[in-house]
Amino acid sequence: MERFLLVFLDILAPLLLGRWLRRRGLSQEWVRRLIRVNVVGAFSGLSVISFWSLRVAPELLWLPLSVLPICFLSLPVFYLWEKKRFSDPRDQGSCLIATMLGNVGTLAGLCAYTLYGETGFAYIQLIAVPQILVIVLYCFPAAQRHYDRWAGGDGAHKKARLRDMLLTWNQLPALCVLAGLALGAAGVDRPPAVETVFTVLIHASAWMGMIPVGYSLDMAGVRKYARVMWPLFPVKFLYLPACLAVMTRLVTDDAVILWCVVLAAAAPTAIFAVAAAQLYRLNVDMAEASFLTTTLAFLFVVYPVIYVLAS
């Protein structure tokens, strides 16, 4: 129960702190540094530790593969219904990315840790790491196309090279996953203090991840688009979890794998959706509204239901 309640503290408290820090005049550069410390430092440490003692089994291959249906099963819904609701390509692009991307690494990872400890967190990271490739290889180009449609295809917004997006320090956690697996395969024993370090890091990482989100939220824009984004709720919280639960049952009977995949499928809109909207000049207010409303719904409705069913 303590872990269950800590999820609320680790998500809502840093959101509010981020808004308070912005009102106090905290610089944007400080926020960028906090994001970098979280991604390069905290998440790298979490990846090494959680994968160090992970049991490698054939059914675990489903975890990285499951990111494909998690991200792409929503596309038919978008193109059949959602796209028709918006005439502005910038709105369409924001809605598309908000629908596809879930907050898997941070929020779903924290919830999986609550249920299953380090093993649950490691399972979620096996899903979260490949989602980075979906973001870079599909979502960023899709965002570019929608912006170009709005701008008349003049190509004014330059495309970032694939190499520059992949070969950065932000990809260090992916390498640390391999390092953790290598340590485990080599039979290296983990020091007892590592478990304490992991507990500290997972909460610190949640705070460092959510403070910048609270800092950047524009509540006026969120209020404007909050009701517009309601179709995301049945897609993210009913359609995708149900589909992935059925697919996972066909692959394995492992309950831990099943519920980790369901958590990842039900994850609310990722902050990466906001970042993509900012980077490609789409509708940032719409992306932020999707992020905040789905996150609150997940915390107060979806997560407690999954916690009860999976416990």
Identify all side-chain donor-acceptor contacts of residues 228-239 below 3.5 Å with residues at least two apart in sequence or on another chain.
unit_1 : atom_1 : unit_2 : atom_2 : d
K236   : NZ     : A98    : O      : 3.4
K236   : NZ     : T99    : O      : 3.2
K236   : NZ     : L101   : O      : 3.2
Y239   : OH     : L73    : O      : 3.0

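- Sorted by first and then second residue, the pairs that involve residues 220-229 and meet side-chain hydrogen bond (donor to acceptor under 3.5 Å, both in side chains), not counting sequence neighbours, are Y225-N283.
- The structure places CG of L292 at 11.5 Å from CG of D218, a figure rounded to the nearest 0.5 Å.
- Every residue meeting the salt bridge (Lys or Arg N to Asp or Glu O under 4.0 Å) condition with D88, not counting sequence neighbours, appears here in chain and number order: R90.
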Report, one line per pair, each donor and acceptor closer than 3.5 Å where one atom sits in a side chain of residues 175-192; sequence neighbours left out.
unit_1 : atom_1 : unit_2 : atom_2 : d
R190   : NH1    : I49    : O      : 2.9
R190   : NH1    : E118   : OE1    : 2.6
R190   : NH2    : E118   : OE1    : 3.0
R190   : NH2    : E118   : OE2    : 3.4

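- Within the structure, the salt bridge (Lys or Arg N to Asp or Glu O under 4.0 Å) test picks out no pair touching residues 294-311 (sequence neighbours left out).
- Applying the side-chain hydrogen bond (donor to acceptor under 3.5 Å, both in side chains) test to every pair with at least one member in residues 203-213, sequence neighbours left out, gives these pairs: D10-H203, D10-W207, N38-S205.
- The side-chain heavy atoms of L244 and V262, taken from C-beta on, include no pair separated by under 4.5 Å.
- Applying the side-chain hydrogen bond (donor to acceptor under 3.5 Å, both in side chains) definition to pairs two or more places apart or across chains, those involving residues 240-256 are W62-T248.
- The hydrophobic cluster containing L299 also contains L309, counting ILVMFWY residues as joined when their side-chain heavy atoms lie under 4.5 angstrom apart, directly or transitively.
- Atom CH2 in W259 sits 8.5 Å away from atom CG in L263 (nearest 0.5 Å).
- Using a 4.5 Å cut-off on side-chain heavy atoms (C-beta onward), V104 and V67 make no contact.
- Side-chain contact between N103 and I271: absent, with no pair of heavy atoms (C-beta onward) separated by less than 4.5 Å.
- Among residue pairs with one or both ends in residues 129-141, none qualify as salt bridge (Lys or Arg N to Asp or Glu O under 4.0 Å); sequence neighbours excluded.
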Sequence neighbours excluded and cut-off under 3.5 Å, please list the side-chain donor-acceptor pairs for residues 119-141, or say none.
unit_1 : atom_1 : unit_2 : atom_2 : d
Q125   : NE2    : G105   : O      : 3.3
Q131   : OE1    : G102   : N      : 3.4
Q131   : NE2    : G102   : O      : 3.2

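- Residues satisfying the side chain to side chain donor-acceptor pair (under 3.5 Å) criterion with S94, sequence neighbours excluded, are absent altogether.
- Evaluation of the side chain to side chain donor-acceptor pair (under 3.5 Å) rule for R85 yields E82 as partners, not counting sequence neighbours.
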In residues 106-117, what donor-acceptor pairs under 3.5 Å come from side-chain atoms, sequence neighbours left out?
unit_1 : atom_1 : unit_2 : atom_2 : d
Y113   : OH     : T199   : OG1    : 3.4
T114   : OG1    : L110   : O      : 3.0

